[in-house]
Amino acid sequence: MGQNQIMTRVLSVTSECAPLVKTGGLADVAGALPGALAEHGVEMRTLLPGYRQVMAQLSGIKTVHKLSLFGGTAEVKSANAAGLDLLILDAPHLFDRPGNIYLGPDGKDWPDNPERFAALSQVAAKIGTGALPDWTPDVIHAHDWQAALIPEYLPKAGRPSVVLTIHNIAFHGLADVEKMKVLGLEKARFTRDGFEFWGKISALKAGLMGADKLTTVSPTYAGELMTEHFGMGLDGVMRHRRADLSGILNGIDEDVWNPATDPLIAHYKTAAGKSKNKKALRREFGLPDADGPLCVVVSRLTGQKGLDLLLDCLPNLLAQGGQLVLLGSGDPHLEDGFRRAAEDPNVAVTIGYDEALSHRLIAGGDAILIPSRFEPCGLTQLYGLQYGTIPLVALTGGLADTVINASPAALATGVATGVQFHPISHDSLNSALDRLCSLYKDRKTWAQLQKNALKQPVGWGPSAAAYAALYKDVTPPA
Ligand code: ADP
Ligand code: GLC
């Protein structure tokens, strides 16, 4: 950065942020963006709810603003942690709770989720209009429905621009219409052109209609969002906003995910170095030696991820000498299904969430399986590429944009990095598993695939530049 370059001030507003609190890829992205953007002239601060587990990790925090929110007192606190410049919304009546950040002990959404995340959006809007004594953003970057009400809470004039990123259009942030008053929303905006969605309040739709620019996390998903199949009822809105929508591919945090430096694995720079990790993984899970690929899965277990298809196709993988190690949690039916599958000596399953184990799986596996029905970007295929662990993926969203299918042409030209399948069905996953196993048995071709994967760039470089350009584009003139 040249000394005279004017920095763009951006407030990133997110419901999760690695390494402080994470349930999925949004946390990885929110945690990595500020660092990636710093070299592009962006000064990013991150507004995050003060969940119990977040507060427990912070020290040296300073109150910078006090207010009353939804029947309780709240404070905005500034803190630095893990290289992040944080603004924490400390509102104990909304966020000081045990367990999952979105779900109560009954496994259902906390009933006051509309208020909890409206509070986050209200505070973002206040910061956007000068609530902090020494820092006001030029742009607010809102992530997903939890931050999508921000445009509703901003004044029409004298406001920063809003960029909304859609990480997953499946989550709308719906609330009953009776909540309109308590959420401080304008009745006149409860229309098809506002935040009304089939008689309910949709936080996501508010943002889709009200943000200055929309982005999503891969170019292919940007196109898919405008179709009935993927738009989840909002495809019309996406088509309406198409001129303001762009797809910017996620990158990975190469300080955290790098096989040459990762403290959680035996380091390696070439694929030959994977064998130590593979042996250790087999040992850890008591798996025998085998002729086929050692496949891994690290995933939420939900319909999105298509792992029910994998359960059906598992016998085919095992029949070809393949093995599976899965780490995941979510839908109880899928958890049970995989627990039962683990009765086979060539299958190992850990139900739960375990960051360190996820690194051991990705380093030790030969292949990583991601048969998603839809996938806005997906990060685990990128981790796979970075670790020379060949991704087998459905041809959708970011999986389509980041993996080069081992077609005869791609193999011949030396660019193939994985296996893709389409349509997303039982039969086509089975034939993809067949292809994976035969590629694996051809040692020379497999080694070439690993080499190609290891050299495919998966960092933030071009995408950080694209975000920086977008922020600049929407920054109101001084
Ligand atoms: P999504 O956000 O839809 O869950 P992504 O692939 O974008 O999918 O990101 C998932 C992130 O969560 C990755 O960093 C992945 O490693 C991590 N993850 C998912 N499930 C687990 C788990 N059970 N244990 C540890 N990490 C997990
Ligand atoms: C969502 C999507 C995933 C994406 C992540 C980060 O959780 O499901 O595909 O990688 O957000 O953008």
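Order of listing sets the numbers, starting from 1, for every ligand and every atom in it.
- At least one N or O atom of G352, backbone or side chain, sits closer than 3.5 Å to an N or O atom of ligand 1.
- Judged by distance alone, with hydrogens and angles left aside, the side-chain atoms of D144 form no donor-acceptor pair with the main-chain N or O of Q146 at under 3.5 Å.
- Taking the six-membered ring for Trp and the full ring otherwise, Y51 and F95 have centroids separated by under 6.0 Å.
- Taking only nitrogen or oxygen atoms, main chain and side chain alike, D28 reaches within less than 3.5 Å of ligand 1.
- Here W145 and F117 bring their ring centres to under 6.0 angstrom of each other.
- By the criterion of a heavy-atom distance under 4.0 Å, the side chain of N250, and not its backbone, is placed next to ligand 2.
- In this structure a side-chain-to-backbone donor-acceptor pair under 3.5 Å is present from Q57 to Q53.
- If you check which protein heavy atom lies closest to atom 2 (C) of ligand 2, you get H167 O, 3.2 Å.
- Contacts between S299 and ligand 1 below 4.0 angstrom, taking non-hydrogen atoms only, involve the backbone exclusively.
- Remark: ligand 1 atoms within the under-4.0 Å shell around heavy atoms of G378 are 6 (O), 7 (O).
- Ranking protein heavy atoms by distance to atom 9 (O) of ligand 2, first place goes to E375 OE2, 2.5 Å.
- Protein heavy atom in closest approach to atom 10 (O) of ligand 2: G378 N, 2.8 Å.
- For W257 and Y383, the ring centers sit closer than 6.0 Å to each other.
- Backbone and side-chain nitrogen or oxygen atoms of T23 are examined, and none is located within less than 3.5 angstrom of a nitrogen or oxygen of ligand 1.
- Of all atoms in ligand 1, listed by their number and element, those nearer than 4.0 Å to a heavy atom of V298 are 16 (O), 18 (N), 21 (C), 26 (N), 27 (C).
- When H359, K305, Q304 are ranked by how near their heavy atoms come to atom 1 (P) of ligand 1, first place goes to K305.
- With rounding to the nearest 0.5 angstrom, the CD1 atom of I140 is 12.0 Å from the OH atom of Y471.
- The closest approach between C377 and ligand 1 stays at or above 4.0 Å for every heavy atom of the residue.
- Taking every non-hydrogen atom of G328 and a distance limit under 4.0 Å, the qualifying atoms of ligand 1 come out as 23 (N).
- Selection from R300, E355, K22 by nearest heavy atom to atom 4 (O) of ligand 1 gives R300.
- Under the 3.5 Å distance criterion, the side-chain polar atoms of K274 are matched with a main-chain donor or acceptor of A363.
- Evaluated by nearest non-hydrogen atom to atom 7 (O) of ligand 1, the leading choice among I362, L326, L382, L379 is L379.
- At the shortest separation from atom 8 (O) of ligand 2 among protein heavy atoms lies Q304 NE2, 3.2 Å.
- Salt bridge D336/R339: present, at least one basic N to carboxylate O contact under 4.0 Å.
- In this structure, D138 contributes its side chain and R9 its backbone to a donor-acceptor pair below 3.5 Å.
- Ligand 2 has no nitrogen or oxygen under 3.5 angstrom from a nitrogen or oxygen of V217.
- At a heavy-atom distance under 4.0 Å, only side-chain atoms of N168, from C-beta outward, approach ligand 2.
- A heavy-atom separation below 4.0 Å is not found between A18 and ligand 1.
- Taking R239 as the reference, D235 meet the salt bridge (charged side-chain N to carboxylate O under 4.0 Å, His left out) condition, with sequence neighbours excluded.
- When only modelled atom types and interatomic distance are considered, T396 and E224 share a side-chain donor-acceptor pair under 3.5 Å.
- When every heavy atom of V298 is checked against every heavy atom of S358, the shortest pair comes out as CG1-CB, 3.8 Å.
- Side chains of Y268 and S275: no donor on one and acceptor on the other come within 3.5 Å.
- For atom 22 (C) of ligand 1, the closest non-hydrogen atom of the protein is Y353 CD1, 3.4 Å.
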Quiz: residues 204-214 side-chain donor-acceptor pairs under 3.5 angstrom, not counting sequence neighbours:
residue, atom, partner, partner atom, Å
K205, NZ, R192, O, 2.6
K205, NZ, E196, O, 2.7
D212, OD2, R159, NH2, 3.2
D212, OD2, V162, N, 2.7
K213, NZ, D244, OD1, 3.4

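- Shortest contact from atom 10 (C) of ligand 1 to any protein heavy atom: G25 N, 3.6 Å.
- Every atom of ligand 1 is numbered from 1 in the order shown, and the set under 4.0 Å from a heavy atom of D354 is 24 (N), 25 (C).
- Ranking the protein heavy atoms by distance from atom 15 (C) of ligand 1 puts T380 CG2, 3.7 Å first.
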